[in-house]
Amino acid sequence: MSPGRFARHQRLTRPSDFKQVFAHPCKSGNQHLTLLCRTNDKDYARLGLAIAKRYIRTAVARNRIKRIVRESFRQRQTTLAGLDIVVLAKTSAAALTKQELFLVLERLWQGLEKKCKDSLSV
RNA sequence: GGAGUCGGCCCGAUAAUCGCUGGCGGGUUUUCCCGCUGGAGGAAAGUCCGGGCUCCAUAGGGCAGGGUGCCAGGUAACGCCUGGGCGGCGUGAGCCGACGGAAAGUGCCGCAGAAAAUACACCGCCGAUGGUCGCAAGACACAGGUAAGGGUGAAAUGGUGCGGUAAGAGCGCACCGCGCCCCUGGUAACAGGGGUGGCAGGGUAAACCCCACUCGGAGCAAGACCAAAUAGGGGAACAUUGGUGCGGCCCGCAUCGUUCCCGGGUAGGUCGCUUGAGGUGUGUGGUGACGCACAUCCCAGAUGAAUGAUUAUCCACGACAGAACCCGGCUUACAGGCCGACUCCACCC
């Protein structure tokens with residue numbers, strides 16, 4: 001297991017934090033998930049989740065996706081340092097298995113690293 | 001053994017590692033770190049009822065409106081539960097029922113049918129006296145009588161039988177049903193028995209309605225507290241014989257400065273927030289729901305929102321589904337497993 005913690009300060013908690021990300025995002029995503037991203041002035045990454053009831057109907061499915069995203073983020077956080085990330089789920093995400101979700105997320109994190117880190121941090 | 005009924009319980013297990021979060025203790029007692037310990041459900045769901053709690057309203061009463069609706073009990077309360085009654089279903093264990101009032105009034109009753117409620121009778125049945133024909137028996141037609149039979153319908157003005165009659169009819173009688181009165185049992189719903197009346201005129205109250213009982217409104221984003229930045233409000237003091245405007249000038253009025261205080265209150269934060277109509281055990285009262293007594297336990301409390309991930313082993317290979325102020329119910333969803341009581345059928349003795 002790769003080490004790493006996921007403490008409170010590593011989460012986006014305030015509405016204003018979310019607004020900042022939504023305002024000028026660098027996007028990455030596929031048919032299951034969408035990731036929005038923006039640099040912050042800190043030396044660690046922060047994660048916010050926006051799993052809408054509209055798309056994912058049952059609370060159980062929403063919780064499942066949140067937990068898996070958090071776990072995946074926790075393992076990858078060192079390479080994502082300096083970014084604020086918001087994860088949005090689409091309807092099809094509920095149908096994926098655990099393993100599929102982890103795979104999908106891994107690819108998306110890589111995409112973000114390449115795409116966003118350089119272009120935005122200038 | 002098979003089929004079934006009712007009630008209760010479980011909801012993968014174990015280990016290791018890495019995480020999240022409440023509480024307690026400690027450390028550099030600020031967000032940080034360490035240790036110990038707790039961390040979703042039977043429905044947490046739908047938000048359909050009832051209550052606690054909070055704020056608002058309220059002299060008292062009535063009307064309107066909503067809800068409930070066999071009886072008794074349980075409960076904080078209920079539209080819930082228990083026991084009983086009545087009706088229906090099932091061979092049975094059992095299950096189901098908005099189950100008060102239709103002679104208080106109003107409305108409605110498709111299609112079919114003559115007629116759906118004041119019977120104005122379609123096919124029928126009878127047809128005396130009188131009329132026509134006939135010697136007569138009788139035939140024909142009419143006035144009229146009738147509701148037994150046929151047919152329609154979910155439903156047709158009590159049912160069966162006998163008497164009765166021109167044919168019929170509660171017209172009369174017997175039994176059943178129905179209404180009323182009395183007696184007996186039962187707290188009561190109701191049941192049983194006796195007497196009497198006379199056939200009284202359909203259904204629908206989840207149609208209006210009547211009767212009885214009952215109900216104030218909004219909800220934890222309730223509500224309470226702390227409180228930046230910025231803008232603005234009120235007050236005090238100081239500084240000025242200060243500046244600017246009105247004015248020819250003085251007086252006067254308006255406005256501008258600094259400091260402090262006050263109240264409202266946004267972002268944000270804290271409380272409400274989990275010890276409760278609580279759980280477990282024993283005893284005890286009660287057919288039971290449930291009550292009482294004693295002992296014992298503390299059992300989620302998050303706030304972008306915690307209970308997860310990985311690996312290994314095993315099996316029945318895991319359904320529906322995630323607390324958000326808290327309880328009591330109801331309803332809906334659901335793969336499977338365990339236990340107990342009982343019923344029916346088959347077999348053995």
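Chain A is the first sequence line, chain B the second, and so forth, proteins listed ahead of strands; every chain is numbered from 1.
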**OP:** Name the pairing partner of B:C342, where a pair is Watson-Crick or G-U wobble with both distances under 3.5 Å, or state none.
**Re:** B:G4
Subject >> Protein-nucleotide distance (A:Leu47, atom CG; B:G304, atom P), rounded to Å >> reply: 13 Å
Original post:
For A:Ser72, does its backbone N or O pair with a side-chain atom of A:Gln75 as donor and acceptor, under 3.5 Å?
Top reply: no
**OP:** Classify the side chain of A:Arg67 versus the base of B:G322 as yes if they form a donor-acceptor pair under 3.5 Å and no if they do not.
**Re:** yes
Subject >> Pair partner, B:A147 [Watson-Crick or wobble, under 3.5 Å] >> reply: none
Original post:
In Å, rounded to the nearest 0.5 Å, how long is the span from CZ of A:Phe102 to CG of A:Leu96?
Top reply: 12.5 Å
Original post:
Relative to the 5' end of RNA chain B, which residue comes earlier, A:Lys53 or A:Arg11, by the nucleotide with the nearest heavy atom?
Top reply: A:Lys53
Subject >> Anti/syn call for B:U152, syn if |chi| within 90° >> reply: anti
**OP:** Name the nucleic acid region contacted by A:Leu12, choosing base, sugar-phosphate or nothing; use a 4.0 angstrom heavy-atom cut-off, strictly under.
**Re:** sugar-phosphate
**OP:** First locate atom CD1 of A:Ile51, then atom CG of A:Asn63, and finally report the distance between them rounded to the nearest 0.5 Å.
**Re:** 10.0 Å
Original post:
Reckon A:Ala61 touches a base, only the sugar-phosphate, or nothing at all at heavy-atom distances under 4.0 Å?
Top reply: nothing
Original post:
Does B:A188 fall in syn (glycosidic angle within 90° of 0) or anti?
Top reply: anti
Original post:
In the strands shown, is B:C314 matched to any nucleotide by a Watson-Crick or G-U wobble pair with both distances under 3.5 Å, and which?
Top reply: B:G12
**OP:** In whole angstrom, give me the gap between the C1' atoms of B:G127 and B:U146.
**Re:** 11 Å
**OP:** Whole angstrom is fine here: how far is it from CZ in A:Arg62 over to P in B:G308?
**Re:** 17 Å
Original post:
How do A:Thr58 and A:Leu49 order along RNA chain B: which one's closest nucleotide is nearer the 5' end?
Top reply: A:Leu49
**OP:** State the pairing partner of B:A295; accept Watson-Crick or G-U wobble contacts with both distances under 3.5 Å, and report none otherwise.
**Re:** B:U280
**OP:** Report the distance from atom CG of A:Leu108 to atom CZ of A:Arg76, rounding to the nearest 0.5 Å.
**Re:** 11.0 Å
Original post:
Given that both distances must come in under 3.5 Å, which nucleotide forms a Watson-Crick or G-U wobble pair with B:G161?
Top reply: B:C173
Original post:
Looking only at atom P, what distance separates B:U310 and B:C327, rounded to whole Å?
Top reply: 33 Å
Subject >> Distance below 4.0 Å between A:Lys98 side-chain N/O and B:U310 OP1 or OP2 >> reply: yes
**OP:** Look only at the side chain of A:Thr34 and the backbone of A:Val87, and say whether a donor-acceptor pair between them is shorter than 3.5 Å.
**Re:** no
Original post:
For the pair made of CZ in A:Phe18 and C1' in B:A267, what is the distance, rounded to whole Å?
Top reply: 18 Å
**OP:** Could you work out the separation of B:U214 and B:G304 based on their C1' atoms and round it to a whole Å?
**Re:** 45 Å
Subject >> Glycosidic class, syn or anti, of B:A40 using a 90° window around 0 >> reply: syn
**OP:** Any strand is fair game: report the nucleotide pairing with B:U230 by Watson-Crick or G-U wobble, both distances under 3.5 Å, or none.
**Re:** none
**OP:** State which of B:U310, B:A309, B:G304 makes the closest approach to the side chain of A:Ala50.
**Re:** B:G304
**OP:** Please measure how far the C1' atom in B:U14 lies from the corresponding atom in B:C315, and state the result in whole Å.
**Re:** 12 Å
**OP:** State which of B:A323, B:C18, B:A306 makes the closest approach to the side chain of A:Ala59.
**Re:** B:A323
Original post:
Base, sugar-phosphate alone, or nothing: which one does A:Arg64 contact when heavy atoms must sit under 4.0 Å apart?
Top reply: nothing
Original post:
If pairing requires Watson-Crick or G-U wobble contacts with both distances under 3.5 Å, which nucleotide is the partner of B:G198?
Top reply: none
Subject >> Distance between C1' atoms of B:A115 and B:C133 (Å, rounded) >> reply: 39 Å
Subject >> Distance in Å, A:Glu100 CD paired with A:Ile68 CD1, rounded so as to fall on 0.5 Å steps >> reply: 10.5 Å
**OP:** For nucleotides B:C208 and B:C190, find the distance between their P atoms and express it as a whole number of Å.
**Re:** 25 Å
Subject >> Pairwise P distance for B:G247 and B:A228, with rounding to whole Å >> reply: 46 Å
Subject >> Side-chain donor/acceptor of A:Arg11 to backbone N/O of A:Gly48, under 3.5 Å >> reply: no
Original post:
Can you tell me how far P of B:A309 sits from CZ of A:Phe102, to the nearest Å?
Top reply: 7 Å
Subject >> Closest to side chain of A:Asn63, choosing from B:G304, B:A321, B:A40 >> reply: B:A40
**OP:** Spell out, as yes or no, whether a donor-acceptor pair under 3.5 Å connects the side chain of A:Gln110 to the backbone of A:Arg107.
**Re:** no
Original post:
Using purine N1 to pyrimidine N3 plus N6-O4 or O6-N4 for Watson-Crick, or N1-O2 and O6-N3 for G-U wobble, both under 3.5 Å, which nucleotide pairs with B:A333?
Top reply: none
Original post:
Tell me: NZ of A:Lys66 to P of B:A40, nearest whole Å?
Top reply: 18 Å
Subject >> Nearest-angstrom distance, P atom, B:A289 to B:G84 >> reply: 13 Å
Original post:
What's the base orientation of B:G170: syn (chi within 90° of 0) or anti?
Top reply: syn
**OP:** Measure from CD1 on A:Ile51 to P on B:A305 and round the result to the nearest Å.
**Re:** 10 Å
Original post:
Syn or anti for B:C190, taking syn as within 90° of 0?
Top reply: anti
